[in-house]
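To start, the structure under review is shown below, and the notes come after it.
Sequential numbering from 1 along the given sequence is applied to the chain's residues. Just so we're clear, the structure is a prediction, and the values are computed from it rather than from any experiment.
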Amino acid sequence: MAQQSRTSAARQWCGSVFFAGLAALAGCSTAPTHPSLAGAQLPELVPVRDFVTSLEATGHHRVSPDGTRLAWMGVQGLRPAIWVRTVGRDDARAYPIRARGFRWTADSQYLAATVDSTGDENAHIYAVAVGRPGATWVDLTPFDKTASTIVQTVEGGADLMVTSNQRDKKVFDLHRVDPRTGAHTVVATNPGNVSSWVVDRQGGLRARVAVADGQATLQRPDAKAPGGWANAAQWDRFDFVRLLELDADAAHVWAISGRGRDKAALVRMRLADGLETVVYASPEVDLDNALISSRTHQPLVAYSLPDYPHRQVFDAALRKRLDALAGGTPAEVFITSMDQSERTMTAVVATDRGERSYLLPAKGAPELLGENRLSLLRAKLAATQPIALTARDGLPLHGYLTLPEGVEARKLPLVLLVHGGPWIRDRWSAGASNRSLQQFLANRGYAVLQINYRGSSGYGRAFMEKAIGEFAGRMHDDLVDGVRWAVQQGLADPARVAIYGASYGGYSALVGATFTPETFACAIDVVGMSHLALTLEKAPAYWEMGMIGWHRYVGDPSKPEDRRTMEAKSPLFKVGPKTSPLLIMHGVNDVRVKLEQSELMVQALRKAGRPVDYVTFRGDGHGNQRWPNNLAMYRKTEDFLAQCLGGRSGGVDYYQLGAWAF
């Protein structure tokens, strides 16, 4: 009732003299105007605020290694915080911080959080002694313009193994950090070509991966030359290899590997020579990840996503526990933490309508610990279903379709929601990027189509490599073919299709508006690239080792012929009299795709006399962390699409009035 009263009050404000000035923020709620939606029994209009922030939502629950405490992310008052309580007791205490994630130290005495306070990706590691009265967060990496990442916790104490580019912004050295004193010990200095370090649970450096030209080399400390390194194995630079955990003998490492095969599999790799033994593989897709036991050093679960999520659980008793959580329906069930005995654990059950976190005690029934924002709204949300189609050149494509509830699935206004990367993929479950946005759009009355176009990860190396040289080419054709499929199925109104994306997805939106305006009535670009050559020339310093991949897929702007090709594929140079109306949004602290990219695009659009609405977000970068910025983004989105496609809009959200304070 309180929620309904607040919603009614917000609508009454729209008609009052006092709040006439709110027109500068947004208008009143509007009913849909598209013929397929007019008069339909659409579900309750969920306020924008409920998609971007919540006082009740929690997540990232983690049990301490000694099994005595739980920690999770939530809010204290109106501020983000990490909470801690004793298992089985009601003694929760908040430690305010806006963190991207956190983990326990191995001795269960500290929390270590990764914090990017401005969105410029210079992440710091903070720690707090949770058992010490009055303890507050301490910055363990107080270095200017430096990015740090936690690699491993060290058994038997509080130490952390951390990578940092403090010394050289292009590469990451390996440090051992003591959260009790803040002291740093440099374990290994990066010679300029090391992409990853292999560290055991005791903090010992066992191996490293060095890259050069088209090869990656697994190297081990050279027993015959102290301080030196000996080559152990090599593989193609573009084979997918992700090293996970060392085996008990420290002579092998578990890995997700695509060496010599199209689909990445779970393997046991011998460190001496790189010889692999395949333990588990999916015939359909790459393996996503695997969980390795810290007690037995053997695989516990392997995860993949052919359409709906799949998990291969190697222990029968554990399989029974996880299957019980899923309840016989499609779901991703992730173990997110375990105590040292691996009998007490936390797990997340993720579906297309949210995530729920559970405590699985050593004995007894699972305990629901909390839900994320979407899960709190699950009764009002729409179902997402996997789809398959064939591209114009015969390539099989996969994706997902979300249809609005309460309306016939016929000639609906459609939003093509394009994932970023481009070397990631859209997923069915709530852990995917764009999930809140996808459900928000469906609630406003739109069919939402997501296509894993060529170049997306998860479908094997051959599928990914079909994207080489295909920016604004066949990668975009796949998206247009997805729209054509939806039209042919009778689902979409061909005259009312929008394209929406962030990062590479934002680039796709700009390509859609400039290269194929006949397909898209309008487009929304968030932190998208408008000038490909400029993106690479002004990339962050720590992209240098990965630049070979960009050159392979897109081109090298230092080469005149490549540069001409890149400019021909850049939306900035395709703006013309038929360019579709655009909404462009960008975080001012973005270091991946600089704000300049959007500034140039907006200038070109205005010079050409094309409609463009431009919004910038203070205090955020390549993606928003701050809910007021997401509130503004969603509000702009619903009003823009209501005008372009004819869906509904909630109008002014009273949270906008106080958003300035955050």
Side-chain angles (χ1 to χ4, degrees), residues 54 56-75 81-95 101-111 130-131 153 155 201 245 289-303 309-351 353-376 378-379 429-431:
S54 171
E56 293 80 29
T58 61
H60 202 86
H61 295 79
R62 299 292 187 268
V63 65
S64 60
D66 64 9
T68 64
R69 293 187 178 104
L70 279 167
W72 67 94
M73 297 175 74
V75 296
I82 296 175
W83 288 81
V84 179
R85 71 170 172 89
T86 306
V87 173
R89 298 171 69 178
D90 186 16
D91 58 356
R93 178 179 177 183
Y95 296 88
F102 71 87
R103 62 195 303 174
W104 286 97
T105 56
D107 64 356
S108 303
Q109 298 304 303
Y110 288 83
L111 291 175
V130 295
T153 58
E155 288 185 353
R201 292 181 182 271
E245 296 272 356
N289 201 4
L291 177 65
I292 310 299
S293 167
S294 61
R295 185 174 56 85
T296 67
H297 303 279
Q298 296 299 303
L300 294 174
V301 191
Y303 300 97
H310 177 77
R311 61 188 174 276
Q312 178 70 23
V313 187
F314 298 98
D315 177 81
L318 180 59
R319 183 185 310 117
K320 184 177 180 180
R321 296 177 81 183
L322 299 185
D323 287 351
L325 285 181
T329 60
E332 286 195 273
V333 184
F334 290 105
I335 298 172
T336 54
S337 69
M338 296 183 289
D339 70 355
Q340 293 163 344
S341 72
E342 297 186 352
R343 299 176 62 200
T344 299
M345 60 189 71
T346 58
V348 166
V349 179
T351 72
R353 281 172 271 196
E355 297 180 1
R356 294 183 173 186
S357 297
Y358 292 87
L359 175 68
L360 279 64
K363 295 181 180 179
E367 174 189 345
L368 178 64
L369 296 175
E371 304 176 73
N372 73 349
R373 290 192 302 271
L374 280 186
S375 184
L376 293 171
R378 61 192 306 111
S429 69

Determine the minimum heavy-atom distance between [X] and [Y], stating which atoms define it.
X    : Y    : value
W72  : F102 : N-CZ, 3.9 Å
V301 : F314 : N-CD1, 3.9 Å
G354 : L374 : CA-CB, 3.8 Å
W83  : A92  : CE3-CB, 3.8 Å
E355 : A350 : CG-CB, 3.8 Å
V87  : G67  : CG2-O, 3.7 Å

Is the backbone N or O of [Y] less than 3.5 Å from a side-chain atom of [X], with the two atoms forming a donor-acceptor pair by type?
X    : Y    : answer
R319 : V313 : yes
S108 : T105 : no
T336 : T346 : yes
S337 : V63  : yes
E342 : R295 : yes
W104 : R62  : yes

Mind checking whether [X] and [Y] have side chains closer than 4.5 Å, heavy atoms only?
X    : Y    : answer
T351 : T329 : no
V130 : Y110 : no
T344 : L359 : yes

Say you draw a straight line from CG of L300 to CD of Q298; how long is it, rounded to the nearest 0.5 Å?
9.0 Å
Could you check whether atom CZ of R343 has more than 12 heavy atoms from other residues, nucleotides or ligands sitting under 6.0 Å from it?
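Check fails, neighbour count at 12 or below.
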Just do the salt bridge (Lys or Arg N to Asp or Glu O under 4.0 Å) check on R69 and D91 with the steps written out, would you?
CA-CA 10 Å; R69 293 187 178 104; D91 58 356; over 6 Å; no
